[in-house]
Amino acid sequence: MTRRWLTIAFAVSVALNLFFLGVAAARFWQHREWRTRRWGDPALNMAGGAAGPARPDGHRGPRRREPFPWLSQQEKEELRPKRQALVEARRDAEQVLVADPLDAAKLGSALETVRAQTARLQASVHERLIQHAQSMGLEERRKLADMSWGTPGERGRRPPRVPEGTH
């Protein structure tokens with residue numbers, strides 16, 4: 001190859017590397033800004049997904065939008081101790097799970113505590129949902145259902161199923 005073609009190939013290579021580096025930097029920066037805007041209250045964060053390294057607030061996994069946007073700030077404050085108790089129960093269960101040797105009885109007890117704390121928190125949320133739903137009209141309840149219900153990954157709700165013969 002001639003020196004001219006090598007120079008052109010080198011210039012194209014540098015240009016492509018700079019382009020992809022710029023795209024990667026933009027994606028990183030955009031994702032970082034999006035994450036900082038979207039992080040909700042860590043004590044009420046119902047983060048899911050694969051467990052990652054612990055964040056400074058002690059939670060694992062990615063952060064999601066603020067849960068239960070229909071709750072007032074006072075109601076969220078009332079739920080905070082129950083959520084904290086659930087987080088602590090999960091931490092305790094995790095510590096038992098990674099201990100060597102594994103104490104199956106202790107793990108069973110820790111998981112029972114997680115289950116009980118989960119049920120308490122869920123019952124409290126459901127009580128508040130009933131209270132809110134009673135004061136809402138049909139359209140408001142539909143919006144609440146679209147926002148809070150459904151199978152993860154679905155967009156909105158499916159139309160209600162109409163039993164055969166009732167058309």
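Computed over heavy atoms, backbone and side chain alike; hydrogens, waters and symmetry mates excluded.
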TODO: Any chance you could measure Thr118, atom OG1, to Arg115, atom CZ, to the nearest 0.5 Å?
DONE: 9.0 Å
Open item on the list: If hydrophobic clusters are built by linking Ile, Leu, Val, Met, Phe, Trp and Tyr wherever their side-chain heavy atoms come under 4.5 Å apart, do Val14 and Phe20 end up in the same one?
Closed with: no
- [ ] Could you grab the distance from atom CD of Glu139 to atom CG of Leu144, nearest 0.5 Å is fine?
- [x] 12.5 Å
Task: ILVMFWY network linking Val114 to Val96, side-chain heavy atoms under 4.5 angstrom - done: no
Task: Approximate separation, where rounding is to 0.5 Å, of Met136 CE and Arg142 CZ - done: 14.0 Å
Task: Heavy-atom side-chain proximity of Thr2 to Thr7 below 4.5 angstrom - done: no
Scan the side chains in residues 97-111 for donor-acceptor partners under 3.5 Å anywhere in the protein, sequence neighbours excluded, and list what turns up.
| from | atom 1 | to | atom 2 | distance (Å) |
| --- | --- | --- | --- | --- |
| Asp103 | OD1 | Ala105 | N | 3.3 |
| Asp103 | OD1 | Lys106 | N | 3.3 |

Open item on the list: Within the structure provided, determine whether Leu71 and His132 are in side-chain contact (heavy-atom separation under 4.5 Å).
Closed with: yes
Task: Gln134 side, atom CD; Arg141 side, atom CZ - distance, nearest 0.5 Å - done: 10.0 Å
TODO: Measure the spacing between OG1 of Thr113 and CG of Leu86 and express it to the nearest 0.5 Å.
DONE: 11.0 Å
Task: Expected output: side-chain Ser124 to main-chain Arg120 donor-acceptor under 3.5 Å - done: yes
Open item on the list: Going by side chain to side chain donor-acceptor pair (under 3.5 Å), Arg80 matches just one of Glu77, Glu78, Gln84. Which one?
Closed with: Glu77
Task: Side chain Glu140, main chain Gly137, donor-acceptor under 3.5 Å - done: yes
Open item on the list: Applying a strict under-4.5 Å side-chain criterion to I, L, V, M, F, W and Y, I'd like to know whether Val12 and Phe19 cluster together.
Closed with: yes
Task: Polar side chain donor-acceptor pair, Ser72 to Glu75, under 3.5 angstrom - done: yes
- [ ] Check the pair Glu88 / Arg91 against salt bridge (Lys or Arg N to Asp or Glu O under 4.0 Å), numbers first and verdict last.
- [x] CA-CA 5 Å; Glu88 290 300 320; Arg91 281 191 191 127; 2.7 Å; yes
Task: Within-4.5 Å side-chain heavy-atom neighbours: Leu79 and Arg128 - done: yes
